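On a predicted model such as this, the values are computed, not experimentally measured, just so you know. Note that ligands are numbered from 1 as they come in the structure, with each ligand's atoms numbered from 1 the same way. Sequential numbering from 1 along the given sequence is applied to the chain's residues.
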Amino acid sequence: MSVLRAFAANIPCFKPTDTINTVADAFLSATYKNCLSVAVVNEHNQPVGMISRHQLNDIFLKKFGRDLFGERAVSDFMRKDVLAVDVDSSLSTAAAFISANMVFPLSEDFVLTENGCYLGMAAVLHLLSAMEKQISQSSAALNRAYKQLSSSQAQLVQSEKMAALGQMVAGVAHEINTPLGYVNNNIEMVREFFGQIQFIVQAHEQLSDTLLSPDTTDIDIAESLAALDDAKMDMDLTQWFVDLDALFNDTFYGVEQISELVTGLKDFSRLDQAVTDNVSLNDCIDSALLIARNTLKYKVEVIKQLGNIPKVRCTGSQINQVLLNLFTNAAQAVKEKGYLLIKTWSDASAVYVSVQDTGCGIPAENLSRIFDPFFTTKPVGEGTGLGLSITFKIIQQHGGSVRVVSEVGKGTRFVIALPLTQALSAAA
Ligand SMILES: Nc1ncnc2c1ncn2[C@@H]1O[C@H](COP(=O)(O)OP(=O)(O)OP(=O)(O)O)[C@@H](O)[C@H]1O
Ligand SMILES: [Mg+2]
């Protein structure tokens, strides 16, 4: 049911030929007590004009107003552009029409029509308060929607972080798996060798027992010697010991690699360090590179030109996340093989990190959008489009800036600047 129908007050209307006096008298009666204006309708009941209390006052306040004009037809004085709204209109259409056509001061009501015919009078004030109610309802709904949106965005950022963590963990797991594989193999081989040695030691023990026994015959000795020969199985023991030494070296190397990765992981996450610290960006680059090694190694050759830069007061784990994002993007932008050039330098006010790749580049029309949350050109499931928006936010929170230049087909360069305001010198 139309909202406006509830506004319709059943106020009798006038004919164009009714006199000003008739209308003025009507305004004084109880029926019209609350009316600011009334409608004038033609013989088909269609509104053709409106006249307001305010207009009548103007007429009667004139010298001899009632005598001069009282018997004149209302059509001579009425407002002809009727403020008429169809009863089926929406509140907002009605409000827009009334506010565009109403005359000030606010001294008129408006006419409600149904199929072009007079239905009743309605008050502008009622319309305004209904609109206000509607606006406050929709602003409450908007507020709710905004809150929902912020919370789902926070969830998405969280899941992006988890996805990045998942990728990182998978990369590191792969890196650990290789040395773990050959450490495992080596231990298998040592175990086999150990089995052989056990046989030989047993055969030796048996031979020495035979030799020491007073009842030993030559045949016994010959049998023990034959058993020892069998245990040796033509093994070149000297060569075996050389091999074993190499196996141990290899194994230690593998274990060292694994422990380097684990330390790298700890450095990357900086779990054991203060949240905000004086951090060397060169160290951050190394630890992010270690973590990204699996993503980078088949695609890009990494060239580092790291300057002697002062430490910066920052949240190292976040800077690591930024660098990992940039390195991952660079590797993803390179189709088959390319370069990743990482430079650092500083001036009196800031420390700079440049991450440049020889990947596909970013088209000019996308450059202004890459920092927007959810902007991605990668297939569903491969990119969420949150990497750079998180990067931007982190650098902004550190009071720094991110700049990007790119050429399609040539590559992309991101330059991050972190202010030195609270920096310590490298020597310190
Ligand atoms: N080094 C780069 N070379 C070419 N295009 C890039 C590079 N870095 C970013 N882009 C473009 O910017 C877009 C947004 O990057 P962003 O890191 O925010 O999201 P994503 O990499 O698509 O997804 P996510 O990081 O969430 O996995 C990318 O989809 C890509 O089109
Ligand atoms: Mg990314």
Side-chain angles (χ1 to χ4, degrees), residues 149 152-172 174 268-269 281 284-285 287-305 317-344 352-398 400-417:
L149 210 67
S152 46
Q153 182 171 359
Q155 273 170 9
L156 269 165
V157 169
Q158 189 55 28
S159 55
E160 156 76 355
K161 278 191 195 158
M162 292 309 289
L165 191 71
Q167 261 179 14
M168 191 185 91
V169 169
V172 174
H174 183 270
F268 184 84
S269 64
L281 294 193
C284 290
I285 289 170
S287 75
L289 276 177
L290 186 72
I291 299 302
R293 193 157 72 183
N294 188 48
T295 320
L296 299 175
K297 67 183 172 194
Y298 301 115
K299 285 253 189 111
V300 290
E301 186 180 322
V302 180
I303 303 166
K304 287 193 289 183
Q305 293 175 359
S317 59
Q318 291 191 340
I319 301 300
N320 286 346
Q321 198 185 345
V322 164
L323 293 168
L324 185 64
N325 269 336
L326 295 181
F327 298 162
T328 313
N329 278 350
Q332 286 170 339
V334 168
K335 286 232 159 48
E336 278 166 10
K337 283 244 174 277
Y339 292 96
L340 173 61
L341 173 63
I342 306 164
K343 280 194 205 173
T344 55
Y352 302 88
V353 182
S354 157
V355 178
Q356 186 172 1
D357 64 58
T358 53
C360 58
I362 305 170
E365 67 271 20
N366 287 352
L367 265 185
S368 58
R369 304 170 62 201
I370 55 171
F371 295 104
D372 293 349
F374 310 117
F375 175 78
T376 182
T377 52
K378 293 168 194 170
V380 179
E382 217 173 271
T384 59
L386 284 174
L388 283 179
S389 81
I390 293 173
T391 296
F392 186 80
K393 205 164 196 169
I394 291 176
I395 298 300
Q396 201 182 32
Q397 280 165 354
H398 280 82
S401 64
V402 190
R403 283 187 303 120
V404 55
V405 277
S406 186
E407 200 175 322
V408 173
K410 287 212 163 159
T412 305
R413 182 184 187 195
F414 284 89
V415 179
I416 286 177

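- Taking a 4.0 Å cut-off on heavy atoms, Gly385 registers as neighbouring ligand 1.
- Closest to atom 17 (O) of ligand 1 among all protein heavy atoms lies Asn329 ND2, 2.9 Å.
- Inter-residue side-chain proximity for Leu388 and Asp372 is flagged as unmet; no heavy-atom pair is nearer than 4.5 Å.
- Within the 4.5 Å cutoff, side-chain heavy atoms of Leu323 are placed close to those of Phe327.
- Atom 27 (O) of ligand 1 has as its closest protein heavy atom Gly383 CA, 3.5 Å.
- Nearest to atom 11 (C) of ligand 1 among the protein's heavy atoms is Ile370 CG2, 3.9 Å.
- Between Ile416 and Val322 there is a side-chain heavy-atom pair separated by less than 4.5 Å.
- Contact of the Val355 side chain with the Leu340 side chain is registered, since non-hydrogen atoms from C-beta on lie closer than 4.5 Å.
- Here Thr328 fails the criterion, with no N, O or S atom under 2.8 Å of the Mg ion (ligand 2).
- The protein non-hydrogen atom at the shortest distance from atom 13 (C) of ligand 1 is Phe375 O, 3.9 Å.
- Residue contact check: Ala333 has heavy atoms under 4.0 Å from atoms 2 (C), 3 (N), 4 (C) of ligand 1.
- Close N/O approach between Phe414 and ligand 1 is not found [any backbone or side-chain N/O within under 3.5 Å].
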The test is side-chain contact (heavy atoms from CB on, under 4.5 Å); show your working for Ile285 and Val353 and say whether it passes.
CA-CA 9 Å; Ile285 289 170; Val353 182; 4.0 Å; yes

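- Any N or O atom pair closer than 3.5 Å counts here, and Lys378 shares at least one such pair with ligand 1.
- Under a cut-off of 6.0 angstrom, the local environment of NZ in Lys297 is crowded, with over 12 non-hydrogen atoms contributed by other residues, nucleotides or ligands.
- Closest to atom 18 (O) of ligand 1 among all protein heavy atoms lies Leu388 N, 2.7 Å.
- Heavy-atom neighbours of Tyr339 OH from other residues, nucleotides or ligands within 6.0 Å: at or below the threshold of 12.
- Residues Arg413 and Ser406 fail the side-chain proximity criterion, which asks for heavy atoms closer than 4.5 Å.
- Among protein heavy atoms, the minimum distance from atom 1 (N) of ligand 1 is reached at Asp357 OD2, 2.8 Å.
- Using a 4.5 Å heavy-atom cutoff, the side chains of Val300 and Lys337 are not in contact.
- The nearest non-hydrogen atom to atom 28 (C) of ligand 1, considering only Asp372, Thr377, Leu324, comes from Thr377.
- Nearest to atom 10 (N) of ligand 1 among the protein's heavy atoms is Ile362 CD1, 3.9 Å.
- In summary, the atoms of ligand 1 found under 4.0 Å from a heavy atom of Thr376, numbered by their order in the structure, are 20 (P), 22 (O), 29 (O).
- The nearest protein atom to atom 26 (O) of ligand 1, hydrogens excluded, is given as Thr384 OG1, 2.6 Å; this is a heavy-atom distance.
- Annotation: side chain of His398 is in contact with side chain of Gln318 (closest heavy-atom distance under 4.5 Å).
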